[in-house]
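Please read the structure below before turning to the comments.
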Amino acid sequence: MAKKKSAKLKARLPRGFVDRGPAELLAMEQMISVIKQTYELYGFEPVETPMFEYTDALGKFLPDQDRPNAGVFSLQDDDEQWMSLRYDLTAPLARHVAENFESLPKPYRSYRAGYVFRNEKPGPGRFRQFMQFDADTIGAPSVSADAEICMMASDTMERLGISRGDYVIRVNNRKVLDGVMEVIGLAGDEHAETRLTVLRAVDKLDRLGVEGVKLLLGEGRKDASGDFTKGAGLGDAEADKVLAFVEAGGETTDQTIENLRGLIADSKTGAEGVEELATMGKLFDAAGYTDGRVLIDPSVVRGLEYYTGPVYEAELTFEVKDEKGRPVRFGSVGGGGRYDGLVSRFMSQPVPSTGFSVGVSRLMAALTTLGKLGQEEIAGPVVVCVMDKDIDSIAHYQAMVQELRTAGIRAEMYQGNPKQFGKQLQYADKRNSPCAIIQGSQEREQGEVQIKDLIEGKRLSAEIEDNKTWRESRPAQFAVKRDELVAEVKKLLSAQEEDRENN
RNA sequence: GCAGACGUAGCUCAGUUGGUUAGAGCGUCGGAUUGUGGCUCCGAAGGUCGGUGGUUCGAAUCCACUCGUCUGUACCA
């Protein structure tokens, strides 16, 4: 019985989520496998945690604890405990480590990839479900662990095909940022709010420029739509100090370190941070990563809440044009830092930790634009056409398909309605099949099959205008003995392969 | 969250000062051609004009609210 049309269910994707097709899935698999190889090479081992955690295990860093639904997807279990979908891979790892602390080797070096969920306003290229790929060293207090992760991040970028110079790993230290705050008189709990505002302003340097940041440090700033953002309310002298610090990056690491030493000599915490950066700088230098791959940059601000020491960010530096010809910068595709407090909130002992997270979904968009991913067409299966519909003939077609499969050739028999032969070739064409196999009663009597080269045929179709000629000439089609089917298809496939490589 | 712009077929868009049955191109499906992909021609399906309420003899068109999309901004663990 036909329902009223208006009552029919509307097929629709939830806001901020996407379906992925074969090309994208293949590209993602390739990418994940490269990252995995890199992390493995550095001695990290895999681990998986579930999508759900109890909200309080994630909850310490929720923006607003009174509303577990703000920013995260949460639900109540049947025992009324709040659970949430993970919004990153670090908090779940901290829980896993705390829970299995006795049995894990220390330092514990692990990696994992997975989808994370954020219940917030989606935008173009920004979804409510996306993939991250993290590596973490837990139980290692020295900044050499941080330095190692920065170098691994750099290796990962290059193994993914991003050229040296098209990306940079920028490194800073939270203690240095804290030192600057001390110097301008913002130490102490009563200034926590202002410190946050200052850090947020600094974080926008790449987008708003020095002038914009200066406005945000002072009274505030109006955006293009006329909306006003309140500033930190610093005086000119303080604002200039912050800006001087942000622009302290010099030609060389040594110079940057010297600049920083001069700016925050009065702060003990700041000095400590500078020395940590100096140590990391030496390690990068010794390993040869100071050739533009890894850079000490005082303007990096990340993870305002839980980072306690070095912080780093992987940034793409090249520009591309979008479909409207406007320049688009991909910017940050990953980041991380030291989070000495995250595991220990479950424990009675300190557990110094550091880690890095790659934004897989975002990086994939960048790589696709660069042409490093998703370029190759996905080859379809060889399609065996159904000419005769009696059960014996079908069995013969099935046998051909099985022979091809046994030889490792992707193949299928047409499973649609075989009434119209043209539809079968249309289907094969749409699947991007390399060739179709045709055997009607005429061929069967001769002990032959027809192989139709669909790639070559497509090329020839440009030269034929008349439909009658097109149909009768049967372009790019040839007969072979039934026994030689597999060998001939193999031959055709390798010829096509060679053709692709030459173009 | 805040501010602005925009919502008409699967997609891209027309639609006059408010006036009969809301159109086109592309795509989809069917046929010309039940043994050959492309081209060409013919035909069909596809719309509560984002939703609700209001003004009016009459609303895709005007008004209010609401939902959605985009842009900027805020937040981003």
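Given the structure is predicted, the values throughout are model-derived calculations rather than measurements. Below, chains carry the letters A, B, ... as their sequence lines are ordered, and counting in each starts from 1.
Distance check on atom C1': rG35(B) versus rG25(B) gives 34 Å, rounded to whole Å. Here the separation of rU8(B) from rU69(B), taken at their P atoms, is 14 Å to the nearest Å. Between rC2(B) and rA44(B), the two C1' atoms lie 49 Å apart (nearest whole Å). Atom name P, nucleotides rU20(B) and rG72(B): the rounded distance is 41 Å, in whole Å. Rounded to a whole angstrom, the distance from the P atom of rG47(B) to that of rU55(B) is 30 Å. A gap of 13 Å separates the P atoms of rG53(B) and rA59(B), to the nearest Å. Comparing the C1' positions of rG27(B) and rC67(B) gives a spacing of 28 Å, expressed to the nearest Å. Rounded to the nearest Å, the gap between the C1' atom of rC29(B) and that of rG19(B) is 36 Å.
For the OP1/OP2 pair of rC39(B) and a distance below 4.0 Å, the side-chain nitrogens and oxygens of Arg471(A) include no atom meeting the criterion. Side-chain nitrogen and oxygen atoms of Trp470(A) include none within less than 4.0 Å of the OP1 or OP2 phosphate oxygen of rU36(B). Dashed line: the shortest gap from a side-chain N or O of Arg207(A) to OP1 or OP2 of rA74(B) is under 4.0 Å. At the phosphate of rG38(B), OP1 or OP2 sits under 4.0 Å from a side-chain N or O atom of Gln426(A). A close approach under 4.0 Å does occur between a side-chain nitrogen or oxygen of Lys423(A) and OP1 or OP2 of rG30(B).
Residue contacts for Leu454(A): at a heavy-atom cut-off of 4.0 Å it reaches a base atom on one of the strands shown. Within 4.0 Å of Arg15(A), counting heavy atoms only, lie sugar-phosphate atoms of the nucleic acid but no base atom. No contact: Lys230(A) has no heavy atom under 4.0 Å from any strand. Contacts of Asp388(A) with the nucleic acid, taken as non-hydrogen atoms under 4.0 Å apart, are absent. If you check every strand for non-hydrogen atoms under 4.0 Å, Glu443(A) touches a base.
For Arg338(A) and Asp340(A), the salt-bridge test passes: some basic side-chain N is under 4.0 Å from an acidic carboxylate O. Salt-bridge formation is not detected for the pair Glu211(A)/Lys214(A): no Lys NZ or Arg NE/NH1/NH2 atom is positioned less than 4.0 Å from an Asp or Glu carboxylate oxygen. We find that Glu412(A) and Arg431(A) are joined by a salt bridge, their nearest charged nitrogen and carboxylate oxygen being less than 4.0 Å apart. In summary, Glu120(A) and Arg128(A) do not engage in a salt bridge, as defined by a charged side-chain N under 4.0 Å from a carboxylate O.
Of the candidate nucleotides rU28(B), rC2(B), rC75(B), rC75(B) has the atom nearest to the side chain of Lys204(A). The side chain of Tyr306(A) lies closest to rA77(B) when the candidates are rC75(B), rG37(B), rA77(B). Proximity note for Gln477(A) (side chain, C-beta onward) versus rA74(B), rG37(B), rU36(B): the nearest is rU36(B). The Arg118(A) side chain lies nearest to rC76(B) when the options are rG38(B), rC76(B), rG37(B). With rG35(B), rG37(B), rU73(B) as the choices, the nucleotide that has an atom nearest any side-chain atom of Ser441(A) turns out to be rG35(B). Ranking rA77(B), rG37(B), rG31(B) by closeness to the Lys458(A) side chain, first place goes to rG37(B).
Rounded to whole Å, the distance from NZ on Lys452(A) to P on rG38(B) is 11 Å. Here rU33(B) presents its P atom at 10 Å from NZ of Lys468(A), a figure rounded to the nearest Å. In this structure, Glu463(A) atom CD and rG37(B) atom C1' are separated by 15 Å, rounded to whole Å. Phe421(A) places its CZ atom 6 Å from the C1' atom of rG35(B), with the value rounded to the nearest Å. Rounding to whole angstrom units, CG of residue Asn467(A) and P of rA32(B) are separated by 12 Å. Atom CZ in Arg128(A) sits about 9 Å away from atom P in rU69(B), given to the nearest Å. Put simply, NZ on Lys121(A) is 9 Å from C1' on rC70(B), counting in whole angstrom units. We find that CD of Gln420(A) is positioned 9 Å from C1' of rG31(B), with the value rounded to whole Å.
For the pair Arg109(A) and Phe44(A), the distance from NZ or CZ to the six-membered ring centre is under 6.0 Å and the angle to the ring normal is within 45 degrees.
Residues Leu58(A) and Arg95(A) have side chains not in contact (no heavy-atom distance under 4.5 Å, counting atoms from C-beta outward).
Taking the six-membered ring for Trp and thresholds of 30 and 60 degrees, Tyr427(A) and Tyr414(A) have ring planes more than 60 degrees apart, a perpendicular arrangement. By the 30° and 60° cut-offs, the orientation of the rings of Phe73(A) relative to Phe17(A) is tilted.
Remark: RNA chain B forms stems of 3 or more consecutive Watson-Crick or G-U wobble pairs, all pair distances under 3.5 Å, at B:1-7 with B:67-73, B:10-13 with B:23-26, B:28-32 with B:40-44, B:50-54 with B:62-66.
An aromatic stacking contact links Tyr87(A) with the base of rA77(B), defined here by ring centres under 5.5 Å apart and ring planes under 30° from parallel.
A side chain to side chain contact (heavy atoms under 4.5 Å, CB included) with Arg195(A) is found for one member of Val180(A), Ile184(A), Leu186(A), Leu177(A) and no other, namely Leu186(A).
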Pair up each side-chain donor or acceptor in residues 479-489 of chain A with any protein partner under 3.5 Å, not counting sequence neighbours, and list the distances.
{"unit_1": "Arg482(A)", "atom_1": "NH1", "unit_2": "Glu403(A)", "atom_2": "OE1", "d": "3.3"}
{"unit_1": "Arg482(A)", "atom_1": "NH2", "unit_2": "Glu403(A)", "atom_2": "OE2", "d": "2.9"}

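When the nearest nucleotides of RNA chain B are assigned to Leu208(A) and Glu120(A) by heavy-atom distance, the more 5′-ward of the two goes with Leu208(A).
At a cut-off of 3.5 angstrom, counting only N and O atoms as typed in the model, there is a donor on one side and an acceptor on the other between the side-chain of Gln442(A) and the base of rG35(B).
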